[in-house]
Amino acid sequence: MAYGGYEAEDSTGTRHRAIKILLAGGFGVGKTTLVGAVSEIRPLRTEEPLTQSSALVDSTVGVERKTTTTVAMDFGRITLRDDLVLYLFGTPGQERFWFMWDELVVGALGAVVLADTRRLADCFPAIDYFERRDIPFIVALNCFEGSRRYSVEDVRVALDLDPGLPIILCDARSRESAKEVLIALIEHVLSVADEPVSR
Amino acid sequence: MTSNDDRWLDETAGPVVRPYALTQGRTRPSGAAFDLVATVTATRSRIANPGGLAPEHISVLQLAQAPTTVVDIASDVDLPLGVVRILLADLREFGLLTIEAPVPVKARQVDKNTLREVLHGLRGL
């Protein structure tokens with residue numbers, strides 16, 4: 001049986017299914033916030049404070065009060081049933097940690113690219129990455145207070161996305177909104193499951 | 001791992017360096033690689049003879065009595081992921097647990113029933 005996850009049987013024969021979903025986007029776009037809004041955050045000791053050296057690398061224009069940066073991954077857990085668990089991994093927002101992406105992406109069901117319309121170009125690399133690897137993804141626009149609203153179609157043109165690729169508005173702080181983002185991704189994965197493989 | 005070493009050797013490293021002592025300085029797990037969400041399950045309900053095992057090995061085994069994942073264990077034992085992978089690989093070599101091998105799955109061959117279960121579950125949250 002094939003699906004975007006792993007299974008194992010325990011002594012009672014129950015399959016244990018773990019599904020991996022990726023959350024990508026630029027630095028400070030709200031990945032950790034979204035994971036925290038919808039799932040049980042499980043700490044991995046992989047964050048480091050923003051040091052002076054990395055502050056030179058990280059652009060914090062328009063991103064106030066961010067004092068730590070993710071060096072490995074954000075990790076959220078949603079237990080849907082005893083034997084069915086979703087794992088959310090935020091991909092590192094900085095290009096210097098991109099070597100970790102290739103590990104994260106193996107076996108992933110799909111991805112959410114979180115975008116901030118103030119810094120839309122920050123999500124170009126993530127979109128490019130998933131397109132090249134034929135990983136199903138959707139784009140979620142995190143509507144920050146004070147950020148100018150753009151229409152979904154404006155964003156689609158700006159990001160050069162296919163007409164069929166879902167783009168949704170969200171508030172990464174809201175549990176309901178974060179749920180809708182995940183539901184939109186799963187629906188998208190279901191819809192492309194029928195399509196012939198393009199390569 | 002050489003290029004990563006500098007990252008740990010600052011004043012914020014805290015206990016990150018010391019755990020590698022319990023891996024005898026190894027930074028890579030033995031045997032076949034496994035995924036972050038690979039399922040880990042102990043093969044025995046009781047550990048008869050823990051000789052040769054570090055307390056951290058025992059902790060990992062106890063956590064794996066019911067099927068769990070690599071990242072869940074890393075989180076629960078509060079050790080760096082790299083260390084946990086080495087401990088898991090040791091235990092696998094001893095035959096004390098199984099790690100379900102990562103099976104990369106083309107998303108377009110996804111099992112739709114599982115996806116529908118996920119949708120149902122998310123809507124019910």
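We name chains A, B, ... by the order of the sequence lines, and we start the count at 1 in each one.
- Between B:H120 and A:L80, the closest side-chain pair of non-hydrogen atoms is not below 4.5 Å.
- To the nearest 0.5 Å, the span separating CG on B:D35 from OH on A:Y87 amounts to 11.0 Å.
- A:K179 and B:L122 get closest at one heavy-atom pair: CE-O, 3.2 Å.
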| task | Show your reasoning for whether side chain to side chain contact (heavy atoms under 4.5 Å, CB included) applies to A:R77 and B:V71. | result | CA-CA 10 Å; A:R77 189 190 143 105; B:V71 282; over 6 Å; no
| task | Assess whether side chain to side chain contact (heavy atoms under 4.5 Å, CB included) is satisfied between A:V85 and B:T69, documenting all intermediate values. | result | CA-CA 10 Å; A:V85 184; B:T69 63; over 6 Å; no
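- Looking at A:L182, the atoms closer than 4.5 Å to chain B (heavy atoms on both sides) sit in the backbone and in the side chain alike.
- Distance alone, capped at 3.5 Å, places no donor-acceptor pair between the A:K20 side chain and the B:V37 backbone.
- Rounded to the nearest 0.5 Å, atoms CG (B:D72) and CD (A:E40) are 7.5 Å apart.
- With rounding to the nearest 0.5 angstrom, the CD1 atom of A:I19 is 9.0 Å from the CD atom of B:E117.
- Within a 6.0 Å sphere centred on CG of A:D128, heavy atoms belonging to other residues, nucleotides or ligands number more than 12.
- Criterion: ILVMFWY side-chain heavy atoms under 4.5 Å apart, direct or through other members. Under it, A:I127 and A:V157 are not part of a common hydrophobic cluster.
- Here CD1 of A:I183 is found 5.5 Å from CZ of B:R123. Values are rounded to the nearest 0.5 Å.
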